[in-house]
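Below is one structure, written out as structure tokens; comments come after it.
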Amino acid sequence: MTCGELTAANIGESVILTGWVGHRRDHGKLIFIDLRDRYGLTQVVIDPERSPESAEAHAIANEARLEYVLRVEGVVVRRLPGKENPALSTGEIEVEAQHIDILNPAKTTPFLIADHVTAEEATRLRYRYLDLRRDTMRKNIVLRHRAVKFIRDYMDERGFVEVETPILTKSTPEGARDYLVPSRTYPGEFYALPQAPQQFKQLLMVAGLDRYFQIARCFRDEDLRSDRQPEFTQLDVEMSFVDEQDVMGLIEGMLIDLIHATTTKRIKQIPFPHISYDEAMRSYGIDRPDMRFGMLLVELGDLARLGTFKVFHDAIDNGGMVKGIRAPGLASSTRKELDALTEFAKSLGAKGLVTLALTPEGPRSPLARFMSEDELRQIITKMGGETGDLILFVADSAKVCNDVLWRLRIKLAEQLKLIDPDEMSLCWVVDFPLLEEIEENGVTRYHATHNPFSGMQPGQEAMLESEPLKVIARQYDIVCNGYEIGGGSIRINKADLQRQIFRLLGLSEEQIDEQFGHMLEAFEYGAPPHGGIALGIDRLVMLLADGETIRDVTAFPKMQTGQDALMRAPSPVTEEQLRELSLAIRLPEKTEQTEQKKAGG
RNA sequence: GGACCCGUAGUGUAGCGGCCUAACACGCCGGCCUGUCACGCCGGAGAUCGCGGGUUCGAACCCCGUCGGGUCCGCCA
């Protein structure tokens, strides 16, 4: 019998409940205890004058404190008329205690176990087992279970086979920093924890497994964010003899059903819209557009050349652009509010913000001094401005314009309450460039935007030599509410083409053979055309749960420093353990600067 | 590696140069209470204001450093 299941239908039954003391309301004679377990809350009432046994129960209830573990024997009774609690599923009844055992007392907890009480992150994580007793946290963990269960069933029903791939594997040069595990038997050599099962799943396709998936743990030794943990879980999928539509169709269907099965949220648009990378950057300034609201970015183009406004002209002359965003109803913003927006923009790298307020009395803007009324009107028309709007411009490089405006767009939407919390907006971002140019130690080189295994649009192989940056990948990202929740591609399955990509990425023949020889070799034994996708389960569940951070949907997450506050990891190991692994610790030397500061105080 | 925010009883907050002998709520301890449900009432304990240094007649409050947590950039799909 659980604390969540008793209803009027059980009236008269003798029951035994076990759980934690959630609340205790002591009226001197009468005592009410809200007994809590995973399933809910049941009110236990202790009346000392009901019977000789209940007097004994009363004495024990008198001792019980918050979070004590109790076993209650009693009878289910209907609550007195007018005393029902409609907020509770068990609110029609209560359990009249005949006998109570304290199974275990509890120290006063460092924070109250209640949803309206929140402690600092570090305290919550240090006592995670208490934090997880809270209603929302427990619901999040259960929701995560249901989501993963749903996904497993969905994939299974469609013929996918879940295959476990190694956790101890090989370090590879591309991508994130690896977590390394020293080998005892091969002194000086290391395993690496997988950043993703990418290569294994492709090898499973060569093996003819045809439809693979895995709820896979992945590891990346990079700094944390609210939506990034060093270990995280992916739904990893790979399929043979498929094209982009097959993979996207499968995942789209799964996400729609998953959202409907686990939440009451509406999906803004089905089928999910497709948007090209270029269009996403143009209209949203970011490759993971939040499509729950409008306020698209607009580039002024030649209109920026109207008038004599030097800020605009300079931006264009320096190869940049002028881009703006229209905030409905903000024309009446005060000087102070505009300054705050400008400060925000500056903190993101803009030199400033050019404002244009469309007040009922007419446009108010620094621009007015530098152009005619007619010219200003052209710009307003281009921006779709209406009376009452505030238009904000950034004049800079494309990168700065986009960086500033996509954040400004989100900030303004939150401010204007344009985001409906009951709505989810998903979209596919497609037509990514295969390669991008990055600068590393002063040297520019090519870098795979997704991963080095992504294929390219048919017929573009020749462009790899002539204009590699214009090659479009067969890649697709799935974006939900402005979060990238997954991405994948149709892969390369030909050894020579794969080798060419590695070369373009700057790997020597020796490196290719050493690092990826096994893949290239496998491709020579009849590798089928194949492609797949990986979805970030943590982020996905966070969105389903309306969470602010993936820590809230992870049972035992790490702090931003990468430490586990509960287990106190990482931690030193013994000299003996190091010796077995042929390892010696060489700590970084203290910098002279630190010493000087201390001495100079 | 960098920027910003936070750090005051167990928890969450207020106080932001002298009205502080540090306040409030919840929790904790004691007492009262037979219908509460974030019960109520009365009383009590509990804080060297993260730590170190400085400025000042005087610092929780200002400055510098440092530690811890968070958000972000870099990094990372």
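Lettering of chains follows the sequences in order, A, B, ..., and the numbering in each one begins at 1.
Screening A:H274, A:R474, A:Q475 for a side chain to side chain donor-acceptor pair (under 3.5 Å) involving A:E244 leaves a single residue, A:R474.
Using bins of under 30°, 30° to 60° and over 60° for the plane-to-plane angle, the ring pair A:F432/A:Y277 lands in the tilted bin. Below 30°, between 30° and 60°, or above 60°: for A:F219 and A:Y179 the angle between ring planes is above 60°, a perpendicular geometry.
Between the CZ atom of A:R225 and the C1' atom of B:C73 there is a distance of 7 Å, given to the nearest Å. For A:R134 and B:G27, the CZ to P distance is 17 Å, given to the nearest whole Å. When the C1' atom of B:C4 is taken as reference, atom CG of A:L348 falls 12 Å away, rounded to whole Å. Regarding A:E121, its CD atom lies at a distance of 15 Å from the C1' atom of B:U11, rounded to whole Å.
Residue contacts shown for A:I31 are absent, as no nucleic acid heavy atom lies under 4.0 Å away. A:S347 comes within contact range of no nucleotide atom at all, as no heavy-atom separation falls under 4.0 Å. As judged by a 4.0 angstrom heavy-atom cut-off over every strand, A:R407 is placed among residues touching the sugar-phosphate backbone only. Within 4.0 Å (heavy atoms only), A:G175 reaches sugar-phosphate atoms of the nucleic acid but no base atom. Across all strands shown, A:T561 has heavy atoms under 4.0 Å from sugar-phosphate atoms exclusively, and none from any base.
With C1' as the reference atom, B:A60 and B:C20 are 9 Å apart, rounded to whole Å.
The base-pairing partner of B:C41, taking Watson-Crick or G-U wobble contacts with both distances under 3.5 Å, is B:G31. With a cut-off of 3.5 Å on both Watson-Crick or G-U wobble distances, the partner of B:C61 is given as none.
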Reading nucleotides 29-39 of chain B 5' to 3', which nucleotides get B (base under 4.0 Å from a protein heavy atom), which S (sugar-phosphate only), which -? SS--BBBBBBB
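One finds no side-chain N or O of A:T109 lying less than 4.0 angstrom from the OP1 or OP2 phosphate oxygen of B:U11. For B:G69, one of the phosphate oxygens OP1 or OP2 lies less than 4.0 angstrom from a side-chain nitrogen or oxygen of A:Q563. Contact check, A:R126 against B:G10: no side-chain N or O comes under 4.0 Å of OP1 or OP2. Between A:Q560 and the phosphate of B:U71, there is a side-chain N or O to OP1/OP2 separation shorter than 4.0 Å.
Looking only at atom types and distance, the side chain of A:Q229 has no donor-acceptor partner in the side chain of A:T554 under 3.5 Å away. A donor and an acceptor atom, one from each side chain of A:T136 and A:D115, are located under 3.5 Å apart. Side-chain contact check for A:T123 and A:E120: no donor-acceptor pair (N or O, by modelled atom type) lies under 3.5 Å.
The base of B:C72 does not come close enough to the side chain of A:R228 for any donor and acceptor atom to sit less than 3.5 Å apart.
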A:D552/A:M137 under side-chain contact (heavy atoms from CB on, under 4.5 Å): CA gap, chis, key distance, verdict: CA-CA 7 Å; A:D552 285 349; A:M137 290 303 289; 4.1 Å; yes
Could you pull out the protein-nucleic contacts involving nucleotides 41-47 of chain B (nitrogen or oxygen on both sides, under 3.5 Å)?
none

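Under a 4.0 Å N-O distance rule, the pair A:K411/A:E414 does not qualify as a salt bridge.
The backbone N or O of A:K29 lies less than 3.5 Å from a partner atom in the side chain of A:H58, making a donor-acceptor pair.
Comparing A:A176 and A:D223 by the nucleotide of RNA chain B whose heavy atom lies nearest to each, the residue mapping closer to the 5' end is A:D223.
Looking at heavy atoms from C-beta onward, A:P468 lies in side-chain contact with A:Y446 at the 4.5 angstrom threshold.
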